[in-house]
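Since the structure is predicted, the reported quantities are computational estimates derived from the model, not experimental observations. One-based numbering along the sequence shown.
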Amino acid sequence: MNEKQKKLDYRYLRMARIWAENSYCKRRQVGALVVKDKMIISDGYNGTPSGFENVCEDDNNITKPYVLHAEANAITKLARSSNNSDGSTLYVTASPCIECAKLIIQSGIKRVVYGEQYRLSDGIELLQRAGIETILMEDLEG
């Protein structure tokens, strides 16, 4: 990866971290940006579906089963727009789960840059198996 691309990756990942602040979730706030040709074509953060109350956890602090992940929100937002994600890069603050990995593969995203490893690695393993470039960038000082 060249130095210019690395700097862009750091910048977009920092922007995804800022976007995560829009989430109402208390346990974990996750943000995602889809970038194509140096343009942000979609964004998302974890939260409840449109029209639902903005409460992600139940009384026992367990995430409600219908909470959408940041990646899923960004990809489904693309489906409602005139943009497409073929050949794009997804920047996400935490590594994708296996369900989001399936959406990423099907949407034509070719690179995933993420800021921290989630406790499960099956999503990243599936992306790699599909030939999608995955890059962990924990140090955001770049």
Quick check: does any side chain N or O of [X] sit under 3.5 Å from a backbone N or O of [Y], one acting as donor and the other as acceptor?
X: Asn46; Y: Arg28; result: yes
X: Ser95; Y: Ile124; result: no
X: Asp37; Y: Met39; result: no
X: Thr93; Y: Gly115; result: no
X: Asn60; Y: Ile62; result: no

If every non-hydrogen atom of [X] is compared with every non-hydrogen atom of [Y], which pair is closest and at what distance?
X: Tyr66; Y: Pro49; value: O-CD, 3.5 Å
X: Ala74; Y: Ser42; value: O-OG, 2.7 Å
X: Ser85; Y: Ser107; value: OG-O, 2.6 Å
X: Ala101; Y: Pro96; value: N-CB, 4.4 Å
X: Arg17; Y: Glu138; value: NH2-O, 4.3 Å

task = Go through the steps for Arg11 and Arg14 under the test side-chain contact (heavy atoms from CB on, under 4.5 Å), then give the verdict.
result = CA-CA 5 Å; Arg11 285 186 191 126; Arg14 281 198 311 267; 3.6 Å; yes
request  = Given side-chain contact (heavy atoms from CB on, under 4.5 Å), test Ile132 with Val112 step by step and report yes or no.
outcome  = CA-CA 7 Å; Ile132 294 171; Val112 175; 4.0 Å; yes
Residues that [X] engages under side-chain contact (heavy atoms from CB on, under 4.5 Å), provided they are two or more places apart:
X: Thr89; value: Tyr91, Arg111, Val113
X: Leu103; value: Ala72, Ile75
X: Asn54; value: Tyr24, Thr48
X: Lys6; value: Met1, Glu3, Tyr10, Met137

key: Any pair counted as side-chain hydrogen bond (donor to acceptor under 3.5 Å, both in side chains), so long as it reaches residues 70-80, sequence neighbours left out   =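 Checked against side-chain hydrogen bond (donor to acceptor under 3.5 Å, both in side chains) - neighbours excluded - the pairs reaching residues 70-80 are Asp43-Lys77.
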request  = For Tyr118, check ring pair (Phe, Tyr, Trp, His ring centres under 6.0 Å) against everything at least two apart and list the hits.
outcome  =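 Not a single residue meets the ring pair (Phe, Tyr, Trp, His ring centres under 6.0 Å) criterion with Tyr118.
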Derivation of the side-chain contact (heavy atoms from CB on, under 4.5 Å) call for His69 and Val30 = CA-CA 8 Å; His69 290 185; Val30 180; over 6 Å; no
message = By the definition side-chain contact (heavy atoms from CB on, under 4.5 Å), identify the one residue from Leu126, Thr134, Val92, Ile109 that meets it with Ile104.
response =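 Between Ile104 and the candidates, side-chain contact (heavy atoms from CB on, under 4.5 Å) is satisfied uniquely by Ile109.
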When hydrophobic residues are tied together by side-chain contacts of less than 4.5 Å, even through go-betweens, does [X] share a cluster with [Y]?
X: Val55; Y: Leu68; result: no
X: Leu8; Y: Leu33; result: yes
X: Leu13; Y: Ile18; result: no
X: Leu90; Y: Tyr45; result: no

message = If you define the side chain from C-beta out and look only at heavy atoms, does anything of Asn84 sit under 4.5 Å from Lys36?
response =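 Yes, their side chains come closer than 4.5 Å.
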task = Flag the pair Val67 / Cys25 as yes when at least one side-chain heavy-atom distance between them is below 4.5 Å, and no otherwise.
result =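 They are in contact (side-chain heavy atoms under 4.5 Å apart), so the answer is yes.
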ask   = Does CD belonging to Gln5 count more than 12 external heavy atoms closer than 6.0 Å?
value =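 Yes, CD of Gln5 has more than 12 neighbouring heavy atoms, counting only those of other groups under 6.0 Å.
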